[in-house]
Structures are given as structure tokens and as C-alpha cells.
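The sequence lines fix the lettering, A, B, ..., with proteins before strands; numbering per chain opens at 1. These numbers come from the heavy atoms of this one structure, side chains and all, not from hydrogens, waters or symmetry mates.
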2 protein chains.
Amino acid sequence: MPVGFNVDEMKRLDEVVEKRRRVKQGELLFNSGDTFTSLYAIRTGFFKTCVTSEDGREQVTGFQMAGEIIGMDGIVSDRHNCNAVALEDAEVCVMPFATVEDLSRELPALQRHVHKIMSREIVRENSVMMLLGNMRAEERLAAFLLNLLQRLHARGLSQSELVLRMTREEIGSYLGLKLETVSRAFSKFSEEGIIEVKQRYVKILAPEALKKIFNPQTYF
Amino acid sequence: MPVGFNVDEMKRLDEVVEKRRRVKQGELLFNSGDTFTSLYAIRTGFFKTCVTSEDGREQVTGFQMAGEIIGMDGIVSDRHNCNAVALEDAEVCVMPFATVEDLSRELPALQRHVHKIMSREIVRENSVMMLLGNMRAEERLAAFLLNLLQRLHARGLSQSELVLRMTREEIGSYLGLKLETVSRAFSKFSEEGIIEVKQRYVKILAPEALKKIFNPQTYF
DNA sequence: CGGTCTATTGAACGCTGTCAATCATGGTGG
DNA sequence: CCACCATGATTGACAGCGTTCAATAGACCG
């Protein structure tokens, strides 16, 4: 996945992939409290990660798709700190973290790659904090859709339509909203002709209008 | 700062500290968009980090005190992604990241330490997402106070009183609340005899009550 | 074809935001 | 040294957004 490696280095990189693991829809890749051993590179499928408070409240902390890495929450305490659930049948590469560390001491490009992945996650969470702390319901949903579309487009899929892999409740948990509020925002966008919604299928009719909702000031 | 190093390794670790830098209250350690070169270890003082949206909304993403590391947001894109502002006169150790990477290839304990620091930040942001997505105003403030107290106590300060280094507005930005709401929550706690507040000075009279507000279910 | 899960929609409520006035604090300069 | 001013904090009244509760409809799956 990372670029900037020569043929020899690529061969070495195969060492970090211990094996592959299949996770069926609804099953856990890892659970909060599990001993941390490995990072996981998603080959196919779609995951959510979430944290649970002692009194049972759940917060979805992210949705991850093919090509993304999960499990970095476990490094600090040698235990996973969140749950990772497959939202559709998935396959991941298991990368024992001890091997990743050993090899990244030999390959500066891999070392740099690992650092960037973790930094990217920190920056992503920063923007989720902005979303949760400052945005209104419709802005949150617009931001969410635009982010999903951009990531799917980077994987060769359409920029103008998508099939959601998660429920309204999971979207709501991620966005700090109740499922009814998410549903209402979808309906509002639909009434305004910005999107077409049919359950999990979403078609973007007016991407500019979505961007305007997400970031009003940019469009004076 | 890290443990698990022998004398020889400690000597090598000095290499990563290029120099020290003083930052006066109100001044920036780094700005969003600045070229990323170094991580900073806070020796003394108190910082806030915040991100700004294109339309000018500001979200405080964290408060950092002595012994903590800031700047990891810059690794992914070689540019800083947030602002770091000193809330009181501060001194930091400048640690050029290239040097950190070089040395952590030789010292596995340093490598592990760097990974843990970044993972800890990811986990911290996960709990802020829980706070912003699921908690009510008073729960947020209770969580905030308990977190500050715990970190100050780990540095040898009192568990039962503290002087806030930030304004109500900055607390509100961090907690996803308006400053008036923060102020009201302080007053409410005060009326209930849980804390004593006088501007930035806060004394905890009933820590158990605070914990109960933070996490109601634990106390059936 | 029934049963369960998910999504939509309506109505009423309540928490937090908004707007505004007042007070406290700390720094500055006359 | 004190008056002054700018900044920060508190408090009140009211409005609005999102939640809550509820009913209904739709989709999926055995």
C-alpha cells in the first residue's frame, strides 16, 4: 500500500503480513479490552469503531474502508480501547505490531509511513471534534456525506452515488445526533432536491449545495 | 521523560533535544499551515491547541501541560494542522522530528515510546468524541474538571483545588458549549456545594458527587 | 408470509444558545 | 495611587434546535 519502496523493500514488507482474516458482517475484529497484538489493514469490507462508556452509552468513533488501517488505539496500553465491528463481510491483513516495529527500524520509509498513518488519525479526529463541537445537524450530515463520497471516489467509485453501509443510528452516533434527527436531515435534503434517498441508497443531485451547507461562508 | 532507558541510552536521548524555546502567554508555538519540523515537549507552562474552520469557527482540541508532547498533528502532511497557543508563559524542548526518527531506529524503547504517545493521543480524542457526542453540559464539565485534576495530581499538585489557565470561552470551545453554559454549570455545582468557584480558582468540595455526575450509572 | 429490524414522520418538551445587562478583575497610564 | 478601561465572568429572559415519545410504514430474511 505505501509508496516509495523499491522491489527489495517491498519483499521485506510482506513479512509484516502474518496472515489474512475474514470477518463476517456483524462480527468483531477486536473488542475493547482485548490484548493488542496487531494492526489490521482492511482489504475488503467496511468497519465501524466505537467506544462505550461505563454506563452503556456508545459513541461511533469512525467508519473505515478498504485500504485503511485500524487498531492503533491499542498501542498505548497493550489493550484495545475500542470495538471494531464489520458492517459488511470483510477481509483484513493481520500485521503483528512487533513485526511492524522491527521492520520499521530497518526501513525508514516504513517508519515514516507508520508515523503518518497515526498522525492522519489524530488530524481526522480533530475535524470530528470540530464537527461535534460547532456544527448544526444538517452541516454534520453534509460533512459526513462529502467525506464518504471523497473516500469512495478515491477508490474508483462514483462521486455522485453511494450505498450506506451503516444504519441511521450508527450515523447518528458518529455525528452526535439521534437517529430521528439524521432521518429528518436526509428528508430535508431530499425535499430540497439536493439528494435522492431511498433507505441506504443515496444519490447526490446537487453537490455544490451540499458543500455550501457544510461550509456556508466559503460561498459568499 | 520516558522510562526504561539505561544511562547510555539516556545520553543518546539528549541528542533529540535541539534547544529550548520560550513562549510567552498568548503567543503561538506553531500555527496551522506552518511547516512541520519538530515535536515539542512542554517543560513548563500550559497550552491549548485548536483548529479553525474556513468560516472562522474555532474548536479547542486540547489543553496540554508540563510533560506532554505536542505537534504530532503535523507529521502526516509536513504542515501543522492546528494552532498551539501558550495560556501562560511556557518553555518547551524542541525535538526535530527527523532526529527523533533517526534515533528511534536505534533505540527500540524510544520507538515504542513515540508510538505510545501518538496512540495515547488517539485514545484521548476518542473519549473527547464520547463527551461531545453523548454527554450533557454538566457531565462534560465534570469530566473536564476530573481530567484536569487527575493530570495535575500526577504532577504533585492538589487533587482538591486548581487554578484554571483558560477562559470560560476556551473551556466551552473544548466541551462544545457556549461560555454562558459553562458559567451556569459552574454556578450550579457551586450552589449544590460540590465545588467552590471564584473566577479561575476552583476548589473541589465533593469529588464523589463530581464523579457521579460524570458517570451516573456507576453509582447505583 | 409473518416477524424483526430499520426508517420515516408528527407533536410536545427541554436543554442549550442567543441576546443583553451587570459585575468583577487586572493592567495601564495619568 | 487611583481612575479608567478592556477583558472576562455571571445571571436573566426567551427562543430554537434537537430530543423524546409515539405511531406507522417499509425492507429484509428465514
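- The side chain of B:E180 sits closest to D:dT11 out of D:dT19, C:dT25, D:dT11.
- Counting any heavy atom pair closer than 4.0 Å across all strands shown, A:L179 reaches a base atom.
- Atom CZ in A:F189 sits about 17 Å away from atom C1' in C:dT9, given to the nearest Å.
- What separates CG of A:L87 from C1' of C:dC5 is a distance of 15 Å, to the nearest Å.
- Counting atom types as modelled, B:R168 pairs no side-chain N or O with a base atom of D:dT11 as donor and acceptor under 3.5 Å.
- Here the C1' atom of nucleotide C:dT22 and the CD atom of B:Q199 are 13 Å apart, to the nearest Å.
- Picking from C:dG17, C:dT9, C:dT8 the nucleotide with the shortest atom distance to the side chain of A:S187 gives C:dT9.
- You'll find a donor-acceptor pair under 3.5 Å spanning the side chain of B:R184 and the base of D:dG12, going by distance alone.
- Atoms CD (A:E169) and C1' (C:dC5) sit 11 Å apart, rounded to a whole Å.
- Residue B:E138 contributes atom CD, which lies 13 Å from atom C1' of C:dG14 at whole-angstrom precision.
- The backbone N or O of B:N81 lies less than 3.5 Å from a partner atom in the side chain of B:D73, making a donor-acceptor pair.
- Side-chain contact between B:V197 and B:F189: absent, with no pair of heavy atoms (C-beta onward) separated by less than 4.5 Å.
- We find that CZ of B:R165 is positioned 16 Å from C1' of D:dG8, with the value rounded to whole Å.
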Audit row: A:T49, A:Q64, side-chain hydrogen bond (donor to acceptor under 3.5 Å, both in side chains) steps and yes/no: CA-CA 8 Å; A:T49 47; A:Q64 296 83 15; 3.0 Å; yes

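- For D:dG8, the OP1/OP2 oxygens have no side-chain nitrogen or oxygen of B:R200 closer than 4.0 Å.
- To the nearest 0.5 Å, atom OG1 of residue B:T181 and atom CZ of residue B:R140 are 9.5 Å apart.
- In this structure, A:L164 places its CG atom 10 Å from P of C:dT8, rounding to the nearest Å.
- The phosphate of C:dC15 (OP1 or OP2) has no side-chain N or O of B:T181 nearer than 4.0 angstrom.
- For the pair B:R165 and B:F63, the cation does not sit on the ring face, since its NZ or CZ is not both under 6.0 Å from the ring centre and inside 45° of the axis.
- If A:R136 and B:T167 are placed on DNA chain D by their nearest nucleotide, the residue sitting closer to the 5' end is B:T167.
- B:G176 comes within 4.0 angstrom of the backbone, heavy atoms only, and of no base.
- Regarding contacts with the backbone of C:dT9, every side-chain N or O of A:S183 stays at 4.0 angstrom or more from both OP1 and OP2.
- At whole-Å resolution of the value, CE in A:M166 and P in C:dA7 are 11 Å apart.
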